[in-house]
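This report refers to the structure that appears directly beneath it.
FYI, side chains are in, hydrogens and waters are out, and symmetry mates aren't considered; it's all heavy atoms of this structure. Note that the structure is predicted; figures quoted are calculated from it, not measured. By convention in this document, chain letters (A, B, ...) are assigned in the order of the sequence lines, proteins followed by strands, and residues within each chain are numbered from 1.
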Number of protein chains: 2
Amino acid sequence: MSVEVDATDLAILRALAADATRSAGALGREMGLSQPATWRRIRRLEEAGVLKGRRLRLDAGRLGFGVTVFLGVKLATKGRVSLDDFERAVTAIPEVQVVEHVLGLYDYRLRIIARDLPDFERVLRRRIMTLPGVGEVEANVLLSEERLPGPLGAA
Amino acid sequence: MSVEVDATDLAILRALAADATRSAGALGREMGLSQPATWRRIRRLEEAGVLKGRRLRLDAGRLGFGVTVFLGVKLATKGRVSLDDFERAVTAIPEVQVVEHVLGLYDYRLRIIARDLPDFERVLRRRIMTLPGVGEVEANVLLSEERLPGPLGAA
DNA sequence: AATGAAACTACTGCCGG
DNA sequence: CCGGCAGTAGTTTCATT
């Protein structure tokens, strides 16, 4: 499943991870490669599925969503149908940003966004607690978040 | 703190959230706006801090990192110095992708990436458990993850 | 807010190692 | 197979109206 990614590819991915808007030409100049060569490498990484696309970095707070909460959810009943039903229902809630199926103390981890705490309480009571099969839930309110280079620093 | 974002801006953000590589011209054509008008709106959103940039979507598995683990961390001692020390130390671990300071049962949530489970055990024992002030930890192994439109669907 | 111009960027062939 | 060169189409970016 792994793909051949050499040191030059990693350098490109590192640079793009820092700023995904940079052009192939600018990247190539900085690392002694021509613009088409750099561009073809990026394209190859996309076709290989390593680079799956570019996502927006939005400031939820400035869009009026001041509260982000992580919710660990334990299902009361865990048949295959329960998982499917739960996922179908939870993905239909607009305030849910991310649905993670996990192994451990909880079955799902949700990233939920709300305008403020009263709004979050509404989502929790009316949307989440009424989901099919929901058992225990545990909430963590986000104070601050920092994203690091991650695997590209390790690789 | 909130910024004026009208329905057209939201439509642009929604379209870009679906595919961040689309050009201002293509977006404008699709929604009956000229290319410069669309481009100026995007730029205004960037200057207002609503649109903070673009991030890469990487397939960690294809880069050789097959295991993603979420780790809830409770600190044993929670003075201001403890928080600073912990954050400084944890951000230096290359396998740590995201550091979230949260309120609730745990103090921090970490997103950690490793090549496989033995590799994760190494990170956990040698890197995480030796961090200054670490108390209880709780791990969740990621099985699958789905990102939804989120606030743009709700807004 | 549209138009037009200048610079830049993405993308395609073709050729050399 | 990978990189450089040259060329075209499309995009950004800015000045002007």
Side-chain angles (χ1 to χ4, degrees), chain A residues 1-60 62-64 147 149-155, chain B residues 2-65 147 149 151-152 155:
Chain A
M1 267 305 139
S2 219
V3 189
E4 271 194 51
V5 176
D6 65 16
T8 307
D9 289 333
L10 275 178
I12 291 174
L13 288 178
R14 257 188 289 264
L16 281 178
D19 179 4
T21 68
R22 296 178 59 186
S23 71
L27 280 182
R29 252 167 271 145
E30 193 169 292
M31 51 204 292
L33 225 65
S34 75
Q35 187 271 340
T38 312
W39 181 82
R40 271 193 282 260
R41 277 177 178 270
I42 294 171
R43 190 142 139 89
R44 199 180 123 264
L45 290 167
E46 284 170 350
E47 282 166 359
V50 175
L51 214 172
K52 290 190 290 184
R54 287 133 222 253
R55 190 179 300 130
L56 288 193
R57 280 166 30 86
L58 291 175
D59 188 321
R62 290 185 208 250
L63 280 167
R147 271 158 214 275
L152 297 172
Chain B
S2 219
V3 189
E4 270 193 53
V5 177
D6 64 18
T8 307
D9 289 333
L10 277 177
I12 290 174
L13 288 177
R14 257 188 288 265
L16 281 178
D19 179 5
T21 67
R22 295 179 57 186
S23 72
L27 279 182
R29 256 166 268 145
E30 192 168 291
M31 50 204 290
L33 224 64
S34 76
Q35 187 272 339
T38 312
W39 181 80
R40 267 192 292 267
R41 278 177 180 269
I42 294 172
R43 196 158 149 83
R44 198 180 123 265
L45 290 167
E46 284 170 348
E47 282 166 359
V50 175
L51 212 172
K52 289 190 290 184
R54 284 135 229 245
R55 187 180 303 129
L56 287 194
R57 283 167 29 88
L58 291 175
D59 187 319
R62 290 186 207 248
L63 279 167
F65 294 84
R147 269 159 216 275
L152 297 172

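As rounded to whole Å, 11 Å separates atom C1' of D/dT12 from atom CD1 of B/I42. Distance, B/W39 CH2 to D/dA15 C1': 12 Å, rounded to whole Å. Taking atom CG of residue A/L33 and atom C1' of nucleotide D/dG4, one finds them 10 Å apart after rounding to whole Å. For the pair B/R44 CZ and D/dT13 C1', the interatomic distance rounds to 18 Å; values are reported in whole Å. Straight-line distance from the CG atom of B/D6 to the C1' atom of C/dA1: 15 Å, rounded to whole Å. Atom CZ of B/R22 is separated from atom P of D/dG10 by 17 Å (rounded to the nearest Å).
Taking 4.0 Å as the cut-off between side-chain N and carboxylate O, B/R14 and B/D9 do not count as a salt-bridged pair. Ion pairing of B/R41 with B/E46 is absent here, as no side-chain N (NZ or NE/NH1/NH2) approaches a carboxylate O to less than 4.0 Å.
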For nucleotides 5-9 of chain C, which of its nitrogen or oxygen atoms have a protein nitrogen or oxygen under 3.5 Å away, and what is each distance?
residue, atom, partner, partner atom, Å
C/dT9, OP1, A/S23, OG, 3.4
C/dT9, OP2, A/R29, NH2, 3.4

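Among the protein residues, A/R40 comes within range of the nucleic acid bases, having at least one heavy atom under 4.0 Å from a base atom.
Distance CG/B/D59 to CZ/B/R57: 9.0 Å, rounded to 0.5 Å. Here the CD1 atom belonging to B/I12 is positioned 7.0 Å from the CG atom belonging to B/L45, to the nearest 0.5 angstrom. Between atom CZ of residue A/R62 and atom CG of residue B/L51 there is a gap of 12.0 Å, rounded to the nearest 0.5 Å.
Remark: A/E4 CD is loosely packed, at most 12 non-hydrogen atoms of other residues, nucleotides or ligands lying under 6.0 Å away.
Taking 4.0 angstrom as the limit, B/S34 places a side-chain polar atom (N or O) nearer than this to OP1 or OP2 of C/dA2.
Among the nucleotides C/dT12, C/dA1, D/dC2, the one closest to the side chain of A/R41 is D/dC2.
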